[in-house]
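Working notes, structure below.
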Amino acid sequence: MTDIDPVEIKRIRWRSRRGLLELDIVLERFLANGFDQLTTAELAAYRKCLELGDNDFLDYVNGKAEVDDPELAHIIGILRAV
Amino acid sequence: MTVPVRRFDAVIVGGGGAGMRAALQLSESGLKTAVLSKVFPTRSHTVAAQGGISASLGNVQEDRWEWHMYDTVKGSDWLGDQDAIEFMCRKAPEAVIELEHFGMPFDRLENGKIYQRPFGGHTQNNGETPVQRACAAADRTGHAMLHTLYQRNVRANTQFFVEWMALDLIRDEAGDVVGVTALEMETGEVYIFHAKAVLFATGGAGRIYAASTNAFINTGDGLGMCVRAGIPLEDMEFWQFHPTGVAGAGVLITEGVRGEGGILLNANGERFMERYAPNLKDLAPRDFVARSMEQEVLEGRGCGPNKDYVLLKLDHLGPDIIKQRLPGIREIAIKFAGVDPIKEPIPVIPTCHYMMGGIPTNYRGEVVIPQGDNPEARVNGFYAAGECACASVHGANRLGTNSLLDLVVFGKSAGDSMVEFIRNEMPTWKPLPANAAERSLARISRLDNQTNGEDVTEVRTAMQRTVQARAAVFRNSENLALGVKEIQEVAERVKRIQIKDKSKVFNTARVEALELENLIEVAVATLISADARKESRGAHAHADFQQRDDEVWMKHTLYYGDDRRLTYKPVHTKPLSVDYIPPKERTF
Ligand SMILES: Cc1cc2nc3c(=O)[nH]c(=O)nc-3n(C[C@H](O)[C@H](O)[C@H](O)COP(=O)(O)OP(=O)(O)OC[C@H]3O[C@@H](n4cnc5c(N)ncnc54)[C@H](O)[C@@H]3O)c2cc1C
């Protein structure tokens, strides 16, 4: 993740604050454990997740909805395991 | 140090349902309007609301706004202001139909009208039979509301300042509100927003409790800003709890689990609800179950290393029932409690859900405070709406689905009042005081320069533990008195919090420290207000004073932060057009 702008990393950390408690908890765990090890591609996918609406995002993370976007499937898998 | 100034007719702090509904009123009137929000508006906490929004449309069953009003007055345990309650319930059908016209995708009946579902506490004919009054957009009502209002605002040219955190209210020598200071997270710079009128719609503050269903963002910033600016807070002792949140996480476990046969156990493995409610047992009313759970914890029969929760057991139902009748519960338990309920019980604890108190307003959305003989003098240029405001429609206890209604009715009403004020009374900006940004700059510079200070997370945890232990669902004199002492000690520690990361850009640590300075004001207000109220009313259940005492206590609490003093003001007993609804015992 060394080639990523550190400001962008900080912005992503802030944007991991959500409107739903369930997501806050999962993402807080993830930021503390796993986030720093992401590859550049995984980080881009995570950033894309943060653009999702909170309900859709949570349905993916909880496994309530199938992830149809192949770009997101891998990172959602990581989040499901958090 | 010169601080850059931006000028708007109106500045709104908060981009949730209340803030965006108010903004729309202002922008559509052609006024230059800014909305500040810590997060992208559609990620405000309103997104969590699933149940719906109430209105006596009568689409499914006969209904009248007068019945809705009765339910709300009764729900409030007669602490709600009846003029404000009448205003809200009368306006409800119009407010919901307006949302429909804005494009909000409500669930519909076959005849095309909005479908309405049942919800606890809403009845026909003043308590006779339950009525279907809640309008919903599937299980995403809050989300749909936010999207609808956001789109409308974009069209109306509302200017959004996303990832901006308001820091302090600016009042001039006369006490009038002339703007706010705000931190741009992207740059770490402080700005002044100079305005003819300011509205706070900053949402709740449930994060003062260790167990809360609220997202991390609900830190009561609007309330903290008020306290620092000398504006009192109203009825802060009243917080609504849900009995079964996952211990340590807050995530809700639906009541349906107990409906299907789940039971509550203490550390001895005893099914304690049999003792408190021999007939209804685990299915006794919400607040009763919550209080019994806390009683077990207080008497040392709580579970876990800190003996601070009880267990919700459902393994005896068998895996099939759990999977079929309680979908999602197993996933929630595994993910947030770390247990598989097919094999082990779920640790649960009564969990803070909603703040009934807040910034004192009237039904016009104007902030009103005591001045001389007038208990409710308008603060010129200052408005509030939504969960941060106390109109007061929820009184001592909120009815489900009345909060989303509150957002749109009082958001719009406040917006209208602001338009009127700006047009008639404030053709141009009042000058900014010379020291407009001083307080905010001092707060930030203290954080940057503090050495040998306290850790933000540790102090926040200490605050949450104190509020949870002393002012949750079960209250008594001894415990509250201890809480008042302890929380003031925590407040002293907050004055010395320190951050390691002093960088400017997107410094989340700084934001969290500034948020803690707001949370602590709310926490102190809660304990001091609760300690003083010697009765039981709505959500304030006091073991040493178990009755409601209308003679002495049918009045609103006002808490002032500068000297931590309380005063009281009367409840409005005069509705706008109908007869007063006199107090009765609240039985169900
Ligand atoms: C799990 C859950 C379910 C619920 N379900 C229902 C329901 O079904 N029906 C119902 O009626 N009610 C429900 N409620 C209650 C209801 O959702 C809330 O009371 C309501 O959404 C609050 O809306 P708001 O506009 O006041 O604030 P919020 O939506 O919380 O918005 C606050 C806004 O203020 C901004 N903000 C805060 N501080 C600052 C600052 N310092 N600077 C800049 N911006 C700031 C935030 O960024 C945000 O945009 C529920 C609550 C919870 C927790």
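So you know, we letter chains A, B, ... as the sequences are listed, proteins then strands, and number each from 1.
Interface remark: of the candidates A:Asn55, A:Asp54, A:Val7, A:Asn55 forms the most heavy-atom pairs closer than 4.5 Å to chain B. Between chain A and the options B:Arg43, B:His143, B:His45, B:Met185, heavy-atom pairs under 4.5 Å are most frequent for B:Arg43. Taking B:Lys335, B:Lys38, B:Glu186 one by one and counting their heavy-atom pairs under 4.5 Å with chain A, the maximum is reached by B:Lys335. Chain A forms the most heavy-atom pairs under 4.5 Å with one residue out of B:Glu331, B:Glu515, B:His147, and that residue is B:Glu515.
No part of B:Val246 comes within reach of chain A, as not one of its non-hydrogen atoms sits under 4.5 angstrom from that chain. The part of B:Ser212 that comes within reach of chain A is its backbone (N, CA, C, O), which places non-hydrogen atoms under 4.5 angstrom from that chain. Of the atoms belonging to A:Ile12, not a single heavy atom falls under 4.5 Å from chain B. A:Leu52 touches chain B through its backbone: at least one of N, CA, C or O sits under 4.5 Å from a heavy atom, while the side chain does not.
Contact of the B:Val348 side chain with the B:His242 side chain is not registered, since no non-hydrogen atoms from C-beta on lie closer than 4.5 Å. Contact check for B:Met463 versus B:Leu516: side-chain heavy atoms found under the 4.5 Å cut-off.
At distances below 3.5 Å, at least one donor-acceptor pair connects side-chain atoms of B:Gln468 with backbone N or O atoms of B:Ala211.
Rounding to the nearest 0.5 Å gives a distance of 10.5 Å between CD of B:Glu387 and CG of B:Leu404. If you take CG on B:Asp340 and CD1 on B:Ile322, they are separated by 8.0 Å, rounding to the nearest 0.5 Å.
Scanning all heavy atoms of the two residues, the minimum distance from A:Asp24 to B:Phe216 falls at OD2-N, 2.6 Å.
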